[in-house]
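Since this is a predicted model, take the numbers as computed values, not measurements. All chains are named by letter (A, B, ...) in the order of the sequence lines, taking the proteins before the strands, and each is independently numbered beginning at 1.
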Amino acid sequence: MSDRLSFATWNINSVRLRMPIVEQFIETYQPDVLCLQETKCPDANFPFAPLRKLGFEHIEINGQKGYHGVATASRRPLSNVEKRGFCDMGDSRHLAADVSFGDGYFRLHNFYVPAGGDEPDPVINDKFAHKLKFLDEMQAWLGGTEAPSIVVGDLNIAPYEEDVWSHKKLLKVVSHTPLECERFEQVRESGPFVDMMRRFVPMDEKLYTWWSYRAKDWSAADKGRRLDHVWVTPQMEPSVREIRVIRDARGWERPSDHAPVITVLECE
DNA sequence: ATGGTCGCTAAGCGA
């Protein structure tokens, strides 16, 4: 059966505060599935109604008060929902579900990897140690994935030189240190997963999904990083038609500091 | 080299 499906991943930095631009995004780009991170919303307060009104009848959430939280909203049913804990922290940073595509299904993992604090030394910075441990657990769990699978989310690492505005200036900045970038690649290769964004954008071209709130003019300064990712298992790669970073959304009213990334899948 | 801005939830922490 031929099929076409689009999904988006977006660190929304408070889903309740951001509902106006979530609605704007859905109306403009019409994704079939929307994976959100940093919902910062207890499950009891999640804005189900406006999403259902926009056609997202299937909504699965893994939230907590104040911090973190992920949600996957879909026009298609979501089955075998799984919310995995990492590092025994009680953090809400993952949700997986099966999504129908063509004659079968793929497993869609929605991740929010710890940011890792400021100091790039796991010995003196517990948050950075936690980030590295989280990657270890991701690899132990996702290594050798056989089912058609997609990993999306805010992975909080910009692994390649052109994934940041200045490779040299960010070598000691958490998100681009050699230590975590190497670990990141090991996790991806253990899948194995294909870095789909870089399949569409050459390695020598800048590619960002996040721009700090602290810049006076984020777009003019353009000091971005590619913190959000789309990985697919090799058997899914031929189905990926297109990936777009919706940079415009970073400039909308009361924006998230992350831009959404849309992926289009198609099969014959 | 430093500080710059957000969002939580009610002063400071996390990003």
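- Whole-Å rounding puts the Ile12(A) CD1 to dC6(B) C1' distance at 14 Å.
- Rounded to whole Å, the distance from NE2 on His130(A) to C1' on dG14(B) is 13 Å.
- Remark: C1' of dG14(B) and NZ of Lys131(A) are 13 Å apart, rounded to the nearest angstrom.
- The ring of Phe184(A) has its center closer than 6.0 angstrom to the ring center of His229(A).
- Atom pair Asp154(A):CG and dA15(B):P shows a separation of 10 Å (rounding to whole Å applied).
- Separating the NZ atom of Lys127(A) from the P atom of dC13(B) is a distance of 9 Å, rounded to the nearest angstrom.
- Counting any heavy atom pair closer than 4.0 Å across all strands shown, Lys216(A) reaches no nucleic acid atom.
- For the side chain to side chain donor-acceptor pair (under 3.5 Å) with Asn13(A), the lone residue among Arg254(A), Lys40(A), His258(A) that qualifies is Lys40(A).
- Sequence order on DNA chain B of the closest nucleotides to Tyr67(A) and Pro255(A) puts Pro255(A) first from the 5' end.
- OP1 or OP2 of dC8(B) sits under 4.0 Å from a side-chain N or O of Ser14(A).
- Lys65(A) has no side-chain polar atom (N or O) that falls below the 4.0 Å cut-off from OP1 or OP2 of dC8(B).
- One interatomic measurement links the two molecules: NE2 of His68(A) to C1' of dG7(B), which rounds to 13 Å at whole-angstrom precision.
- One finds a side-chain N or O of Arg254(A) lying less than 4.0 angstrom from the OP1 or OP2 phosphate oxygen of dG7(B).
- For the pair Arg84(A) and Phe86(A), the cation sits on the ring face: its NZ or CZ lies under 6.0 Å from the ring centre, inside 45° of the axis.
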Legend entry - Criterion side-chain contact (heavy atoms from CB on, under 4.5 Å) on Phe25(A) and Leu34(A), from CA distance to verdict: CA-CA 10 Å; Phe25(A) 176 70; Leu34(A) 178 58; 3.9 Å; yes
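- Here the separation of dA15(B) from dT2(B), taken at their P atoms, is 23 Å to the nearest Å.
- Side-chain proximity of Ala115(A) to the nucleotides dA15(B), dC8(B), dC6(B) is greatest for dA15(B).
- If you take CG of Asn125(A) and P of dA15(B), they are 10 Å apart, rounded to a whole angstrom.
- With respect to the salt-bridge test (charged N to carboxylate O, under 4.0 angstrom), the residues Glu180(A) and Lys172(A) do not qualify.
- Computed from coordinates, the Trp210(A) CH2 to dG7(B) C1' distance equals 15 Å when rounded to whole Å.
- In terms of phosphate contacts, Arg18(A) brings a side-chain nitrogen or oxygen within less than 4.0 Å of OP1 or OP2 of dG7(B).
- Between dG14(B) and dA10(B), the distance separating the two P atoms is 15 Å to the nearest Å.
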